[in-house]
Each structure stands twice: as structure tokens, then as C-alpha cells.
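Sequential numbering from 1 along the given sequence is applied to the chain's residues.
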Amino acid sequence: DFNRLDLGLTQMFKETFVYNTKRDGKVELDGREYFFKKKEFPKDHLDEYLFVDFFNNIEKLGENREMLLATFERKWRARAWPVDYDIIYKFALKYGKSWVKKYFKHLKGHNEISSRK
């Protein structure tokens with residue numbers, strides 16, 4: 001799903017993650033391993049949540065983090081995705097790791113400064 005963000009990702013997770021609200025741990029089904037993560041997430045606006053999840057997992061991607069952040073910021077400011085940017089911001093504050101919350105506050109503050117000019 002992270003590839004849908006069009007940030008130039010070249011690698012993939014080896015594991016398949018399943019987010020849910022009841023189970024945590026490794027499960028084998030039909031010979032495949034799945035990693036269930038008991039986690040709070042929204043029931044709707046999953047495309048917007050994908051952005052927050054991307055940032056929460058950015059260290060696991062095996063990509064150049066600074067390059068991903070620069071590409072993301074450029075696309076964020078250009079409003080390159082057909083999503084609700086206010087919802088992404090709210091989800092970042094609710095579901096994001098502490099650095100993700102700070103990062104999105106920085107982005108929002110930068111947008112407000114540039115929109116006043």
C-alpha cells in the first residue's frame with residue numbers, strides 16, 4: 001500500500017502485517033505467515049491513515065529517510081494526492097508517534113506561514 005503514495009519506494013516488507021483490534025502476534029494461515037498487530041486505527045478514511053502509518057514505519061522501509069521526507073514535503077505542499085489533508089493532519093496527531101506529530105505540526109505551521117504571504 002505504501003507504493004500507492006508514489007514516493008519512489010523501491011523495497012518491500014518481507015512480512016505481511018494485519019492490523020486489528022483483537023489479536024497480536026505471528027499467525028500461519030495456508031502456509032503463509034502473517035503478523036497481527038493489535039492497534040487502534042480509524043474505521044474510515046483509510047487512505048488518509050496510510051500516510052500516518054507510512055511515517056510510523058518509515059524506519060523499517062530500508063530507504064533513504066531524508067530523501068523520502070523531502071519528496072513527501074514537496075508533494076504535500078503541491079497537494080499531489082486526492083485525499084483530505086486536514087484528516088491526515090488530525091490522524092497524525094492522534095495515531096502518530098511523537099516525532100510524527102511534531103513533523104506534521106511543522107508542516108502545518110509552514111503551510112500557514114506561506115499562505116499568509
Side-chain angles (χ1 to χ4, degrees):
D1 285 339
F2 292 155
N3 285 331
R4 290 189 302 147
L5 301 179
D6 193 30
L7 295 172
L9 298 174
T10 60
Q11 301 184 39
M12 295 175 34
F13 283 110
K14 291 181 188 176
E15 298 92 12
T16 302
F17 296 101
V18 179
Y19 293 158
N20 70 100
T21 57
K22 297 183 183 196
R23 183 177 284 179
D24 207 20
K26 184 169 49 169
V27 175
E28 189 171 322
L29 300 169
D30 287 337
R32 289 189 62 194
E33 282 187 346
Y34 297 89
F35 294 87
F36 281 71
K37 289 187 171 192
K38 187 174 179 180
K39 186 173 187 172
E40 184 182 345
F41 58 91
K43 301 277 188 250
D44 55 0
H45 296 290
L46 293 177
D47 284 343
E48 285 83 356
Y49 178 74
L50 180 63
F51 287 89
V52 178
D53 195 42
F54 168 77
F55 278 94
N56 283 340
N57 289 292
I58 199 169
E59 301 299 332
K60 300 174 187 172
L61 295 178
E63 302 279 351
N64 181 314
R65 183 176 186 264
E66 298 308 314
M67 186 181 74
L68 286 176
L69 292 174
T71 303
F72 177 82
E73 284 188 38
R74 187 177 80 261
K75 289 184 175 246
W76 175 269
R77 289 191 181 96
R79 298 297 195 242
W81 302 284
V83 294
D84 188 326
Y85 287 77
D86 289 330
I87 290 176
I88 295 172
Y89 178 74
K90 288 175 187 174
F91 283 173
L93 297 182
K94 182 173 183 178
Y95 301 107
K97 294 178 177 179
S98 62
W99 81 267
V100 174
K101 292 175 185 181
K102 289 177 187 174
Y103 179 76
F104 275 88
K105 285 180 183 178
H106 162 77
L107 283 179
K108 186 168 176 78
H110 181 79
N111 284 347
E112 289 173 358
I113 290 168
S114 41
S115 66
R116 283 188 233 149
K117 291 181 180 178

Does any non-hydrogen side-chain atom of [Y] lie less than 4.5 Å from one of [X]?
X    : Y    : value
L107 : Y89  : no
V83  : Y85  : yes
K94  : E40  : yes
E73  : Y103 : yes
L68  : L9   : yes

Return the orientation label for the F91 and Y95 ring planes: parallel under 30°, perpendicular over 60°, tilted otherwise.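 Perpendicular.
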
Identify the residue among F51, F104, W81 that makes a ring pair (Phe, Tyr, Trp, His ring centres under 6.0 Å) with W76.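 Single pass found, and it is F104.
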
When you check the gap from the basic side-chain N to the acidic O, do K39 and D53 get nearer than 4.0 Å?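 Yes, K39 and D53 are salt-bridged.
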
State, to 0.1 Å, how close [X] and [Y] come at their nearest heavy-atom pair, and which atoms those are.
X    : Y   : answer
D86  : D84 : N-OD1, 3.0 Å
K38  : T21 : CE-O, 3.4 Å
V100 : A92 : CG1-CB, 4.4 Å
V27  : R23 : CG2-CD, 3.8 Å

Within a radius of less than 6.0 Å around NZ of K101, do more than 12 heavy atoms belonging to other residues, nucleotides or ligands occur?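 Yes, NZ of K101 has more than 12 neighbouring heavy atoms, counting only those of other groups under 6.0 Å.
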
Inspect the surroundings of NZ in K75 and state if more than 12 heavy atoms from other residues, nucleotides or ligands are less than 6.0 Å away.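 Counting other residues, nucleotides and ligands, NZ of K75 exceeds 12 neighbours.
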
Membership question, hydrophobic clusters at under 4.5 Å side-chain separation (ILVMFWY): are [Y] and [X] in the same one?
X   : Y   : value
Y19 : V52 : yes
F2  : V18 : no
L61 : W99 : yes

Let's go through F55 and F72 carefully: what are the C-alpha distance in whole Å and the side-chain angles of both, what is the deciding distance for ring-ring contact (aromatic ring centres under 6.0 Å, His included) to 0.1 Å, and is it a yes or a no? CA-CA 10 Å; F55 278 94; F72 177 82; 4.7 Å; yes

Start with the C-alpha gap between I58 and L69, add the side-chain angles, then the distance that decides, and say whether side chain to side chain contact (heavy atoms under 4.5 Å, CB included) holds. CA-CA 10 Å; I58 199 169; L69 292 174; 4.2 Å; yes

Spatial distance of atom [atom1] ([X]) from atom [atom2] ([Y]) [nearest 0.5 Å]:
X    : Y   : atom1 : atom2 : value
F36  : K26 : CZ    : NZ    : 13.5 Å
K97  : E59 : NZ    : CD    : 7.5 Å
K105 : L93 : NZ    : CG    : 6.0 Å
H45  : D47 : NE2   : CG    : 10.0 Å

